[in-house]
Amino acid sequence: MSEMYNHHTVEKKWQKVWDDEKPFSASEDYSKPKYYALVEFPYPSGQGLHVGHPRPYTALDIVSRKRRMQGYNVLFPMGWDAFGLPTENYAIKNKIHPAVVTKNNVERFKDQLHSLGYSFDWDREVNTTDPEYYKWTQWIFLKLFKEGLAYKKEMPINWCTSCKVGLANEEVVDGKCERCGSPVVRKVKSEWMLKITEYADKLIDGLNDVDYIERVKTQQKNWIGRSEGAEVDFKIKDLEETLTVYTTRPDTLFGATYMVISPEHPLIDKYKDKINNFDAIVEYREMAARKSDFERTELAKDKTGVVLDGITAINPVNEEEIPIWISDYVLMSYGTGAIMAVPAHDSRDYEFAKKFNLPIIQVVDGPEGAVNLEEEAFTEVSTGNMINSGFLNGLSVEEGKEKIKDFLEEKKIGHRKVNYKLRDWVFSRQRYWGEPIPIIHCEKCGYVPVDESELPLMLPEVESYMPTDNGESPLAAMDSWVNVKCPCCGGDAKRETDTMPQWAGSSWYFLRYIDPKNTEALASKEALKYWLPVDWYNGGMEHTTLHLLYSRFWHKFLYDQGVVPTSEPYQKRTSHGMILGEDGQKMSKSRGNVINPDDIVRDYGADTLRTYEMFIGAFDLAASWSEKGVKGCRRFLERVWKLQDILVDEEGYSKENETLVHKTIKKVSSDFENLKFNTAIAAMMELVNAFYKVKKVTRGEYETLITLLNPVAPHITEELYSILGHDSRVYSLSWPEYDEKKTVDDTIEIALQVNGKTKGTLEIAKDEAKDSVLSKAKEALGAKINGTIVKEIYVPGRIVNIVVKPN
RNA sequence: GCACCAGUGGCGGAAUUGGCAGACGCAACGGACUCAAAAUCCGUCGAGAGCAAUCUCAUGUGGGUUCAAGUCCCACCUGGUGCACCA
């Protein structure tokens with residue numbers, strides 16, 4: 001009888017071996033084929049590793065281990081995205097330096113990852129808070145600045161009236177400050193911005209060249225939201241002034257019955273003495289300032305607004321005088337901050353017009369019954385034809401759009417314009433725990449970059465990490481740090497005191513892994529050329545529109561600068577689903593449904609946890625935790641362990657199970673590539689069941705199983721391989737091969753149907769001819785074919801369907 | 001409100017992409033082993049009818065396409081994730 005399976009001793013033993021032998025370090029031998037597998041590096045929070053983390057890590061650990069067995073030089077690195085708000089808040093509360101907090105958290109995370117047996121290349125660990133790392137983050141920023149892609153702009157921030165600090169969106173709960181519960185308002189502040197919009201088209205087009213799951217591509221495209229429309233100038237009556245709007249529906253210009261401008265629109269202050277109800281306007285604007293853009297959305301059904309009394313506009317195509325309203329459903333941050341409202345053909349304008357009794361003029365006609373302007377706007381464009389629109393009458397919507405655009409350009413009252421939903425990236429944070437922005441502001445010379453030779457611009461020690469009373473970063477209180485000489489003119493100047501957002505360090509970390517200790521460049525050209533692009537990048541769906549897009553933007557910029565050799569950073573992108581609590585809810589302390597991975601490792605072992613997380617369900621969907629499921633996986637590993645008791649000392653595969661072994665190799669190999677880890681494990685369970693069924697497993701069969709299972713459960717499989725008498729390691733073996741011919745059984749069972757209803761089954765030879773199958777099928781069905789045969793269908797190896805018409 | 005995704009036994013989930021719905025696991029039930037329990041092993045296991053062979057109904061709801069639909073189309077309901085009312 002075999003010894004008991006003790007996961008404690010087995011896992012400790014092999015983790016020690018891997019630490020000593022370092023079999024998972026990427027090689028610098030650039031003649032070998034490479035494979036770069038990447039998982040999103042974690043934010044080392046104070047809570048330690050969550051059971052959600054091992055899901056993507058195990059998945060790509062499996063891929064990496066398999067690739068090594070297939071002869072690739074694999075880079076599978078890990079690091080820390082360690083700047084950020086929670087660490088800073090913890091530091092403020094407990095009066096500990098955020099760097100100390102970070103160090104402790106990183107140590108804890110690292111121990112936990114180690115206990116799970118991942119094959120990370122720890123020699124290449126990076127940390128975004130390390131000055132040797134953020135030196136290069138600052139270097140990239142300076143490049144962006146020098147290319148005109150970083151600029152300053154007045155932007156509204158969330159402002160807590162009581163704490164007197166700027167807040168992240170996350171810290172605003174129900175319009176109130178998360179810490180003190182006071183109301184949060186929008187306060188305008190000058191912020192650093194990055195012109196990601198300049199790369200909008202490149203970011204869309206680049207998606208054609210990469211292998212991302214469709215969901216990710218769709219979401220990125222929708223987020224960038226390219227639209228082709230027109231800007232149109234409306235004259236303001238009796239004033240030398242025009243109001244420019246952006247519209248995707250210039251064809252409906254004849255139906256514009258009023259205009260709406262954003263409450264923040266500059267026109268309002270410019271002509272405040274012409275506005276008779278300025279008090280009401282100001283009041284409305286203050287109310288709007290209390291809402292975030294998102295809250296404005298939530299109130300979509302109940303439109304609010306105030307008309308500008310004293311100022312009206314002229315519709316340029318028909319010279320009609322129309323009123324101008326302000327409403328918070330129009331945002332200053334999209335288009336021009338002003339719209340022409342066409343209530344007949346836009347649902348938001350329709351709701352607004354209904355509420356305030358504004359005229360609704362139909363200018364597009366649809367098919368019989370499709371248009372009911374008593375109930376709703378008619379927004380369909382593919383079937384409509386222009387009416388009530390002067391020279392556009394009779395045209396289709398598409399033709400109307402082109403003709404009116406030509407008209408606008410001819411008369412110089414507008415022009416074609418491409419717009420994007422995507423907005424420029426707000427890059428300033430009024431925080432301590434981030435990369436200092438390496439810019440000096442001089443009264444005479446403006447914004448002057450810090451010289452590259454002075455990088456890294458180190459984060460100075462401060463006494464308090466709290467932002468200052470006027471909303472500046474705590475760095476602003478450090479006079480000795482802030483006051484410098486202008487690098488340009490030598491006069492008195494001040495350093496920028498805002499820091500970068502957490503997204504900065506994570507936008508390029510995969511480049512640093514390639515050459516993490518390089519002091520001359522962010523990575524050597526040679527190494528970049530060999531390792532890029534990342535072959536497979538897996539991460540959370542929640543990062544699709546921010547992190548993933550930001551890092552593609554930076555990479556494309558670096559490509560244009562000649563720093564990196566590929567235009568796209570990641571060749572393949574996949575996403576994993578969340579792990580929910582046993583109750584099907586998101587795990588959270590307040591719900592009390594949090595599972596600590598340490599407990600599972602202690603009680604069941606890392607191999608069991610890894611197996612379970614892969615078996616839990618479809619990789620890209622959310623799945624609920626189940627302790628019972630964990631036990632089932634432990635039982636499976638024990639059954640694998642105890643196969644020792646029915647081992648027969650024969651090389652090769654037994655007659656009984658040869659086909660199944662080949663089938664299993666085939667299935668596991670392809671499932672591992674296609675994120676179908678759950679069915680790969682199910683296939684291995686079936687194989688183990690088959691061995692017990694015949695009460696024997698040959699040495700050849702056992703070793704194949706051990707090799708297939710190794711990427712999922714690396715410790716137990718190494719131990720079993722060594723028990724089988726080998727001095728070598730499973731990780732040094734080649735990935736098992738299968739023979740396609742041997743994956744098919746000699747006889748196949750197919751289904752017999754009459755009119756699509758299954759009536760029985762039939763055993764046929766694997767290559768039996770169609771005629772023979774059909775005649776056997778008809779014979780077997782006999783009287784169940786109760787009528788005249790109309791049609792006979794045979795899907796090879798699957799099904800026979802006899803279509804019958806009753807007599 | 002907008003975008004994306006999902007809905008299959010008591011439960012987690014399979015289904016080679018239009019071809020025998022329910023693989024694999026969990027739970028439950030019956031049996032073996034045991035003084036007993038746990039563990040382990042062997043069996044049964046969508047619902048309903050029938051002694052039976054079999055038959056009928058079943059993939060959120062309602063329609064449709066097809067020889068054949070969990071899978072494709074239309075409308076709706078419910079849940080999840082993200083969000084910046086995108087004109």
Side-chain angles (χ1 to χ4, degrees), chain A residues 169 214-216 218-219 221-223 225 227 229 245-249 252 260 292-301 303 327-331 333-336 338-342 345-349 351 419-423 426 540-546 575 577-578 580 582 584-586 612 615-618 620-633 635-636 638-639 642 667 670 676 678-686 688-689 692-693 749-762 790-804:
Chain A
N169 285 339
E214 269 319 301
R215 240 203 311 168
V216 169
T218 310
Q219 268 196 27
K221 276 185 202 153
N222 289 346
W223 184 262
S227 68
V245 302
Y246 174 75
T247 176
T248 53
R249 295 293 305 275
T252 59
V260 186
S292 67
D293 286 354
F294 181 49
E295 284 173 307
R296 290 182 176 193
T297 324
E298 284 189 313
L299 296 165
K301 279 200 170 143
K303 292 278 185 290
S327 174
D328 61 7
Y329 80 95
V330 172
L331 299 181
S333 48
Y334 183 78
T336 62
I339 64 160
M340 62 177 209
V342 186
H345 304 291
D346 180 282
S347 45
R348 286 166 313 233
D349 298 346
E351 282 160 24
N419 242 354
Y420 303 93
K421 286 185 195 176
L422 183 69
R423 293 189 200 164
V426 182
M541 209 56 212
E542 70 275 17
H543 291 126
T544 302
T545 49
L546 297 175
S575 268
M578 252 199 300
L580 307 171
E582 298 239 17
Q585 301 280 341
K586 203 167 167 170
Y612 175 63
F615 189 63
I616 192 168
D620 58 334
L621 298 180
S624 306
W625 187 265
S626 153
E627 180 114 15
K628 297 263 175 59
V630 176
K631 283 191 177 135
C633 288
R635 203 173 292 163
F636 164 62
E638 282 177 4
R639 276 165 70 78
K642 284 185 295 196
K667 177 146 184 71
S670 71
K676 300 176 83 171
N678 52 339
T679 48
I681 290 166
M684 290 189 271
M685 287 172 169
E686 281 186 74
V688 170
N689 291 345
Y692 279 106
K693 194 105 202 162
E749 197 184 68
I750 62 165
L752 302 182
Q753 298 184 333
V754 177
N755 287 346
K757 299 228 173 207
T758 305
K759 297 289 176 189
T761 58
L762 178 69
V790 183
K791 204 171 173 185
E792 295 169 4
I793 293 156
Y794 174 49
V795 182
R798 306 231 140 259
I799 206 164
V800 168
N801 188 12
I802 307 293
V803 186
V804 168

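Here the structure is a predicted model, which is why all the values come from computation and not from measurement. Below, read A as the first sequence line, B as the second, and so on, with proteins coming before strands; counting in each chain starts at 1.
Here the P atom of nucleotide B:C83 and the CZ atom of A:Arg423 are 13 Å apart, to the nearest Å. One can place CD of A:Glu686 at 12 Å from C1' of B:A15, the figure rounded to the nearest angstrom. Note: NZ (A:Lys221) to C1' (B:C86) measures 19 Å, nearest angstrom. Rounded to a whole Å, the CG atom of A:Asn801 is 13 Å from the C1' atom of B:A69. Rounded to whole Å, the distance from CD on A:Glu638 to C1' on B:C41 is 14 Å. Distance A:Asn419 CG to B:A87 C1': 10 Å, rounded to the nearest Å. Between A:Ile750 atom CD1 and B:A68 atom C1' the separation is 15 Å, expressed in whole Å. Residue A:Glu542 contributes atom CD, which lies 11 Å from atom P of B:U81 at whole-angstrom precision.
Separation of atoms OG (A:Ser575) and NE2 (A:His543) is listed at 10.0 Å; rounding is to 0.5 Å. Here the NZ-CZ distance, from A:Lys642 to A:Arg635, works out to 10.0 Å after rounding to the nearest 0.5 Å. Annotation: the span from A:Thr545 atom OG1 to A:Lys421 atom NZ amounts to 11.0 Å, rounded to 0.5 Å. A distance of 9.0 Å separates CD1 in A:Ile793 from CD in A:Gln753, rounded to the nearest 0.5 Å.
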Tell me, for nucleotides 2-12 of chain B in 5' to 3' order, what letter each nucleotide earns: B for a base near a protein heavy atom under 4.0 Å, S for only sugar-phosphate near one, - for neither? -SSS------B
Check nucleotides 70-72 of chain B for protein N or O atoms closer than 3.5 Å to its own N or O atoms and list the pairs.
none

Atom pairs under 3.5 Å: protein N/O with N/O of nucleotides 43-49 of chain B:
from: B:G43; atom 1: OP1; to: A:Lys693; atom 2: NZ; distance (Å): 3.1

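The nearest heavy atom of RNA chain B to A:Ala682 and to A:Thr336 marks one nucleotide each, and the one closer to the 5' end goes with A:Ala682.
Residue A:Arg249 places no side-chain N or O under 4.0 Å from the OP1 or OP2 atom of B:C86. Phosphate proximity of B:A68 to A:Lys759: absent, as no side-chain N or O sits under 4.0 Å from OP1 or OP2. Dashed line: the shortest gap from a side-chain N or O of A:Ser227 to OP1 or OP2 of B:A87 is under 4.0 Å. In terms of phosphate contacts, A:Arg639 brings a side-chain nitrogen or oxygen within less than 4.0 Å of OP1 or OP2 of B:C41. The phosphate of B:A68 (OP1 or OP2) has no side-chain N or O of A:Asn755 nearer than 4.0 angstrom. Remark: A:Lys631 is not in phosphate contact with B:A39, judged by side-chain N or O atoms under 4.0 Å from OP1 or OP2.
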Output a table of donor-acceptor pairs, distance under 3.5 Å, between side-chain atoms of residues 620-631 of chain A and any protein atom two or more places apart or on a different chain; print 'none' if there are none.
from: A:Ser626; atom 1: OG; to: A:Lys628; atom 2: N; distance (Å): 3.3
from: A:Ser626; atom 1: OG; to: A:Gly629; atom 2: N; distance (Å): 3.0
from: A:Glu627; atom 1: OE2; to: A:Tyr604; atom 2: OH; distance (Å): 2.8

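Taking atom P in both B:A38 and B:A52, the straight-line distance is 33 Å, to the nearest Å. With both ends at atom C1', the span from B:G80 to B:G31 equals 44 Å, rounded to whole Å. A distance of about 16 Å separates the P atoms of B:A28 and B:A37, rounded to the whole Å. B:G60 sits 6 Å from B:G7 when the C1' atoms are compared, rounded to a whole Å. Distance check on atom C1': B:C42 versus B:A6 gives 39 Å, rounded to whole Å. Comparing B:A69 with B:C83, their C1' atoms are spaced 35 Å from each other, to the whole Å. On the P atoms, B:G22 is 10 Å away from B:G46, given to the nearest whole Å. Comparing the P positions of B:A53 and B:G64 gives a spacing of 35 Å, expressed to the nearest Å.
Using a 4.0 Å heavy-atom criterion, one finds that A:Thr248 contacts the sugar-phosphate atoms exclusively. Counting non-hydrogen atoms under 4.0 angstrom, A:Met578 reaches the backbone sugars and phosphates but no base. Note on A:Asn689: only backbone sugar-phosphate atoms sit closer than 4.0 angstrom, heavy atoms only; bases stay farther off. Within the 4.0 angstrom heavy-atom criterion, only backbone atoms of the sugar-phosphate kind lie near A:Ala618; the bases stay farther away. Counting non-hydrogen atoms under 4.0 angstrom, A:Gly629 reaches nothing in the nucleic acid. Among the protein residues, A:Gln753 comes within range of the nucleic acid bases, having at least one heavy atom under 4.0 Å from a base atom.
The salt bridge (Lys or Arg N to Asp or Glu O under 4.0 Å) test applied to A:Glu582 returns no partner, not counting sequence neighbours. A:Asp346 pairs by the salt bridge (Lys or Arg N to Asp or Glu O under 4.0 Å) definition with A:Arg348, not counting sequence neighbours. With sequence neighbours excluded, the residues that form a side chain to side chain contact (heavy atoms under 4.5 Å, CB included) with A:Met685 are A:Phe615, A:Phe636, A:Ile681. Take A:Glu638 and apply the side chain to side chain contact (heavy atoms under 4.5 Å, CB included) test, not counting sequence neighbours, and it matches A:Tyr5, A:Arg634. Shown here are the salt bridge (Lys or Arg N to Asp or Glu O under 4.0 Å) partners of A:Glu749, two or more places apart in sequence or in another chain: there are none. With sequence neighbours excluded, the residues that form a side chain to side chain donor-acceptor pair (under 3.5 Å) with A:Arg639 are A:Asn689. Under the side chain to side chain donor-acceptor pair (under 3.5 Å) criterion, A:Lys667 pairs with A:Asp671, not counting sequence neighbours.
Side-chain N/O atoms of A:Arg798 and base N/O atoms of B:U16 include a donor-acceptor pair closer than 3.5 Å.
In this structure, B:U44 shows a glycosidic angle more than 90 degrees from zero, which is the anti conformation. A syn orientation is assigned to B:G9, its glycosidic angle lying within 90° of 0.
Listed for the A:Asn755 side chain is a donor-acceptor partner under 3.5 Å among the backbone atoms of A:Val804.
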Under the rule of Watson-Crick or G-U wobble with both distances under 3.5 Å, where | means paired to another strand and [ ] a crossing pair, RNA chain B maps to (((((((..(((......[....))).(((((.......))))).((((....))))..(((((..]....))))))))))))....
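In this structure, A:Ser327 and A:Tyr329 approach most closely via the heavy-atom pair OG-CD2, 3.0 Å. The shortest heavy-atom contact between A:Gly335 and A:Tyr246 is CA-CB, 4.2 Å.
Among B:A21, B:A15, B:C67, the nucleotide with an atom closest to any side-chain atom of A:Lys791 is B:C67.
Partner A:Leu752 forms a side chain to side chain contact (heavy atoms under 4.5 Å, CB included) with one of A:Ile802, A:Leu762, A:Asn801 and no other, that one being A:Leu762.
In this structure, A:Thr252 and A:Met340 have side chains that are in contact, with non-hydrogen atoms separated by less than 4.5 Å.
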